[in-house]
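To start, the structure under review is shown below, and the notes come after it.
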Amino acid sequence: MRLFVLGSAAGGGSPQWNCLCDVCRLHWAGDERVLTRSQSSIAASADGKSWLLLNASPDLRQQIIASPLLSPIANADDDARRATPIAAVLVTNGDVDHIAGLLTLREKQRFPLYGTAGVLGMIADSPVFQVLDPAFVDKRAVTVGETFEPVPGLSVEIFSVPGKVPLFMEKGEVDVGEESEMTVGVRLSAHGRTAYYIPGCAHLPEPLKARIRGADALLFDGTLFTDDEMRRAGVGEKTGRRMGHMPITGEGGSLDAFDGLDIARRAYIHINNTNPILIEGSDERRIVEAAGWTVTHDGMEIAL
Ligand code: MLT
Ligand code: MN
Ligand code: ZN
């Protein structure tokens, strides 16, 4: 199984177009310790030919151009002028950073779009997404616990994780941390190997821990290093938890939560531009690396 990181940053990317937080400021100054990272997405394949796109970020077009493995290659059964190794798409929630790239895929290319009924329903109800011609894009609702094979040899199961509705759907009191079909994690398996992709998770209940224990690889929500990071960076009032993202450190952080779970390879993804782990050589980067975590970057491949 191959996992390819198309976009390692959270919504906004790194740097974010209008941000002067300490990390973005280093970017703008040309500091090479901070890589440019695009928004949240990976691709997965069991055969290296057909790829499942997991989330479609606003940066998708550039991500495809930067990733030769996703260049169009004509197969015998394709129209010789229109082809792509992207054979299917799965969205894990309805956030802008995970669905806006669907608009990039509007050029009469046949592919199935997988997601929960709730997320696909929201997309179907948004007039702009009607640009995805149903004659080409087949929306396939999957339920938690169901196993399906969107590309040859790659077995996929989605499961609910604590989260919330997308930001643009928040109204009144928001139930953050509820387990519903609006935020899911993904289990990918092929050739006897298992990987988990969970770009957003508000907290880690015991059953979720038990599920992930012993996995060959985990790509997990690395949005914030500390829960109040945005406030301390002077860029917003929201805590990570309020946004549906558990912090890496502190009470209930992911470093502690995954400690001792026997996960062979663990990596942070969906990293917000305020997160100091983005700075190579920072104390915070050293802390996560010392705990056995990798910080993903765009173009990184994990072969299992
Ligand atoms: C998130 O992950 O919290 C969202 O992507 C935020 C957003 O919509 O910008
Ligand atoms: Mn996001
Ligand atoms: Zn920033």
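Note that ligands are numbered from 1 as they come in the structure, with each ligand's atoms numbered from 1 the same way. No experiment lies behind these values; they were computed from the predicted model shown.
Nearest protein heavy-atom neighbour of atom 7 (C) of ligand 1: L167 CD2, 4.2 Å. With respect to atom 4 (C) of ligand 1, the closest heavy atom belonging to the protein is D95 OD2, 3.2 Å.
Ligand 1 is approached by H245 to a heavy-atom distance shorter than 4.0 Å.
Residue Q16 does not count as close to the Zn ion (ligand 3), with no N, O or S atom under 2.8 Å. Coordination check, H270 versus the Mn ion (ligand 2): passed, since an N/O/S atom of the residue sits under 2.8 Å.
For F258 and F220, the ring centers are positioned less than 6.0 Å apart.
The protein does not reach atom 9 (O) of ligand 1 closely, with no heavy atom under 4.0 angstrom from it.
Heavy-atom proximity to D97, at under 4.0 Å, picks out these atoms of ligand 1: 5 (O). Every atom of ligand 1 is numbered from 1 in the order shown, and the set under 4.0 Å from a heavy atom of M243 is 3 (O).
Rounding to 10 degrees gives 100° for the angle at the Zn ion (ligand 3) between SG of C24 and OD1 of N273.
No salt bridge links K164 with E178; every basic N to acidic carboxylate O contact stays at or beyond 4.0 Å. In this structure, E206 does not pair ionically with R213, as no charged nitrogen and carboxylate oxygen lie closer than 4.0 Å. Taking the charged nitrogens against the carboxylate oxygens, E280 and R286 have no contact shorter than 4.0 Å, which rules out a salt bridge.
Summary: OD2 is the N/O/S atom of D97 found nearest to the Mn ion (ligand 2).
Counting heavy atoms under 4.0 Å from ligand 1, residue H270 touches it through the side chain alone.
The only option from V137, I99, V128 that meets the side-chain contact (heavy atoms from CB on, under 4.5 Å) definition with I123 turns out to be I99.
R241 CZ to D227 CG: the interatomic distance, rounded to the nearest 0.5 Å, is 4.5 Å.
Using a 3.5 Å distance cut-off with no hydrogens or angles, the side chains of S8 and R37 do pair a donor with an acceptor. Side-chain contact of N55 with Y197: a donor-acceptor pair under 3.5 Å is present, judged by distance alone.
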